Novice: 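The structure is given below, and queries will be raised subsequently.
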Number of protein chains: 2
Amino acid sequence: MLTEVITVLTDRQLLIFQVIVDDFIQTAQPVGSRTLSKKEEISFSSATIRNEMADLEELGFIEKTHTSSGRIPSEKGYRYYVDHLLSPQKLNQHDIHKVQSIFAERIYELEKIVQKSAKILSELTNYTSIVLGPAVRDNKLKRIQIVPLNKETAIAIIITDTGHVENRMFHLPENIDAGDLEKVVNILNDRLAGAPLESLNNKLYKEVAVLLRHHISNYDLMLNSIADTIKIPAYDKLFFGGKTNMLSQPEFHDIEKVKNLMNMIEQEKGIYDLLSKNKSGINIKIGRENNNSAMENCSLITASYSIGTEQLGTIAILGPTRMEYSRVISLLNYISADLSSVLSKLYQNR
Amino acid sequence: MLTEVITVLTDRQLLIFQVIVDDFIQTAQPVGSRTLSKKEEISFSSATIRNEMADLEELGFIEKTHTSSGRIPSEKGYRYYVDHLLSPQKLNQHDIHKVQSIFAERIYELEKIVQKSAKILSELTNYTSIVLGPAVRDNKLKRIQIVPLNKETAIAIIITDTGHVENRMFHLPENIDAGDLEKVVNILNDRLAGAPLESLNNKLYKEVAVLLRHHISNYDLMLNSIADTIKIPAYDKLFFGGKTNMLSQPEFHDIEKVKNLMNMIEQEKGIYDLLSKNKSGINIKIGRENNNSAMENCSLITASYSIGTEQLGTIAILGPTRMEYSRVISLLNYISADLSSVLSKLYQNR
DNA sequence: GTTAGCACTCTTTACCCCCGAGTGCTAATT
DNA sequence: AATTAGCACTCGGGGGTAAAGAGTGCTAAC
């Protein structure tokens, strides 16, 4: 187990540190002692501040960009700021109004609500928002449907209890007729309806296979196609908002950084990894804490949304390390609570 | 009707112009007379070249970036190059191999094939590829299905003859039972199956409404929900490949340009407009011909793919005006032909 | 008609210098 | 003992100048 050295900062150091972070978050410019001394909340001279800053730097909370520059928060500094100095921000009327517009229209599809949340969130923050869509993994099967398109192909459709629909085309075995198909579908629904999607594959081969054998000759081909359809959602869907917002951040004037980040966003796999392994509640990962070179100058704040106690998905904001943590956290909290309550009302009694 | 002034260039001017364009496409650097005079295919002095270039500039085919710079092709120049000087390029073995990998796996879904095409195309060209997915507009309805999820909500699913599936949740009228629903579904399929999606809305209100009235009390609410489901695909889907490839092009070192372009790509509406109004075959739009400020330094080459004679969708490459036109055109031709033939085999007899 | 030669233009790069913002340290002040 | 004024020093950025390099247009010679 790691032992954390608890650093005790004096009140004055704390004050200076906080003002440095707040100022840097706003301006993106290194903060010097003169600038600080002019702030209302600071009543001592620049020399004093310089001394304190030297100490704060020694402790690793702030750093210089070059020998005679002002200071910027280090990653450790942001971590401390986030852990100890964050005061929850009240959302203003405009924010609240916009968030509630997500649920203004009568929308029933989970996915659409989630997508709209991503959009609104990115508009409110000017950062990039990412939403990991509702996990279908633990949905339960509502119905399987097979619709033949012509003699050779048919389309298999599965519907889950949350209204999620997956479909896939497959090749029909030769010499199968409509009656056979109907029997197959009946057996499938009989045996599998109500079962969690995760368990379907297993059940399919263990319980259904035997039954199918009695009814159609070329059953194995069909079985594989159905198994294919069932296992489609390997990853849950990702929704993005404001993918290009990062381009407006001064830290991304360097095209190379942009390219790295955008590439990761496009690939989705990396993002998926970042989002999926978070616990419930608010999670904050700062810079290299994300273990991802493209995220060097970025922070990721995630929150989960749920139906009742069942965690459904994750909603996140990706921004520069110099991010408005307080505001973003408030927003995420607010949206995820709203999302959870609306979704619960809609789907609780499924 | 516009009268086009036909400009006759001497063979030598043509040669010089072609070499300028080819060189600039490769290097992205303005081409000077000295550089040209060193080329194998050019056997006259730099002074002669300078004279010819002055003429070419007067005619508007090339331009200078500043008074004493080399020349770059103008938009008019690219247009001429594309219209008169393009020699079809043979694809190499590697290209052909990669293209054919699109169809290597047995995939039946139109969308997946199309998506894979976009990916491969962007990898082969290092530009951004865009595919306008199969138009569902003129698909014909295969089947409508309604699956109740609980007492209040149900999900309506429509399946088209090409295997496209759309679904939408809706609120069930109160006091409707499973038998009623089945009747509704039967009526719908009876009346609408085989009809083009476009005509469904009309038919629904004109023919089906009367029938429904006899069977369920609250039929109008239901009717509207079904109408909603049917009209979902307002725009055909867009698929992208290599969205970030543009970032590697030297003309996009300027962050502002990148932002403009990326924003347009993200919004999709603009892209949709650019793609949807093209005729069959290869279309080339250079720079401002696209009528879109974000496309100032870009060219768009589109090709259509089809089943039989029915145009299905569009496949396109978005790159800088300094684009490898010849190669891209060959690739697009090749892929669209392959796409068309494979899709025809799969769906001809639908 | 072609080309060698030349003066001229413009960009790029480097270099220098100076200014401003900031620092750390020391000595004086409270 | 803590705070602050003062000062020497450092570094980045902006402006200016100079030289190099690539290119042009024009003229005169071939």
Side-chain angles (χ1 to χ4, degrees), chain A residues 8-17 19-24 26-74 77 250-251 253-254, chain B residues 8-17 19-24 26-74 77 250-251 253-254:
Chain A
V8 182
L9 297 181
T10 65
D11 284 356
R12 196 166 65 188
Q13 286 174 326
L14 226 52
L15 173 62
I16 291 176
F17 176 63
V19 177
I20 290 176
V21 179
D22 288 340
D23 190 82
F24 184 69
Q26 276 221 330
T27 65
Q29 296 297 322
V31 191
S33 56
R34 223 182 88 88
T35 318
L36 283 174
S37 70
K38 282 191 191 148
K39 298 253 170 186
E40 276 188 358
E41 56 267 63
I42 285 180
S43 54
F44 25 89
S45 78
S46 64
T48 312
I49 295 170
R50 281 200 291 281
N51 286 327
E52 297 286 29
M53 290 206 292
D55 289 348
L56 283 169
E57 184 170 1
E58 224 162 81
L59 293 168
F61 290 106
I62 55 179
E63 52 195 31
K64 295 188 261 193
T65 58
H66 57 86
T67 35
S68 70
S69 78
R71 306 303 213 287
I72 63 174
S74 66
E251 28 270 279
H253 269 318
D254 177 10
Chain B
V8 182
L9 298 180
T10 65
D11 284 355
R12 196 166 67 188
Q13 285 174 326
L14 227 51
L15 173 63
I16 290 175
F17 177 61
V19 177
I20 290 175
V21 179
D22 288 339
D23 189 83
F24 184 69
Q26 277 221 331
T27 65
Q29 295 299 322
V31 191
S33 55
R34 224 183 86 90
T35 318
L36 283 175
S37 70
K38 281 192 191 146
K39 298 255 171 186
E40 273 188 359
E41 55 266 63
I42 284 179
S43 52
F44 25 88
S45 77
S46 64
T48 312
I49 296 170
R50 281 199 290 283
N51 286 328
E52 298 285 29
M53 290 206 292
D55 290 348
L56 284 168
E57 184 171 1
E58 224 161 82
L59 294 169
F61 290 106
I62 55 180
E63 52 195 29
K64 293 189 261 194
T65 58
H66 57 85
T67 37
S68 71
S69 77
R71 306 304 213 288
I72 63 173
S74 66
E251 27 271 279
H253 268 318
D254 177 10

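A note on names: the letters A, B, ... follow the listed sequences, proteins ahead of strands, and every chain is numbered from 1. Being a predicted model, the structure only gives us computed values, none of them experimental.
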Novice: Can you tell me the distance, in whole Å, between the CG atom of L56(A) and the P atom of dG22(C)?
Specialist: 17 Å
Novice: K64(A) has a side chain; which of dT23(C), dT24(D), dT2(C) sits nearest to it?
Specialist: dT23(C)
Novice: For DNA chain C, which residues in residues 40-50 of chain A have a heavy atom at a distance below 4.0 Å?
Specialist: R50(A)
Novice: Name the pairs: protein N/O against N/O of nucleotides 12-20 of chain C, kept only if under 3.5 Å.
Specialist:
none

Novice: Closest to the E57(A) side chain: dG24(C), dG25(D), dT23(C)?
Specialist: dG24(C)
Novice: If you define the side chain from C-beta out and look only at heavy atoms, does anything of V19(A) sit under 4.5 Å from L15(A)?
Specialist: yes
Novice: Using whole Å, what does the distance between atom P of nucleotide dG1(C) and atom CG of D55(B) come to?
Specialist: 12 Å
Novice: In whole angstroms, how far is the P atom of dT3(C) from the CZ atom of R34(B)?
Specialist: 16 Å
Novice: Could you tell me whether the phosphate oxygens of dC11(D), OP1 or OP2, come under 4.0 Å of any side-chain nitrogen or oxygen in T67(A)?
Specialist: yes
Novice: Without decimals, in angstroms, what is the distance between I72(A) CD1 and dA21(C) P?
Specialist: 19 Å
Novice: Could you list all the salt bridge (Lys or Arg N to Asp or Glu O under 4.0 Å) pairs where at least one residue sits in residues 32-51 of chain A, not counting sequence neighbours?
Specialist: D23(A)-K39(A)
Novice: So, does R12(B) get its side chain near the phosphate of dT2(C), meaning an N or O under 4.0 Å from OP1 or OP2?
Specialist: yes
Novice: Rounded to the nearest Å, what distance is computed from the CG atom of residue D23(B) to the P atom of nucleotide dG23(D)?
Specialist: 10 Å
Novice: The side chain of S33(B) lies closest to which of these nucleotides: dT24(D), dT3(D), dG24(C)?
Specialist: dT24(D)
Novice: What is the separation between atom CG on N51(A) and atom P on dA2(D), rounded to the nearest whole Å?
Specialist: 12 Å
Novice: Please give, in whole Å, the distance from dG13(D) P to H253(A) NE2?
Specialist: 13 Å
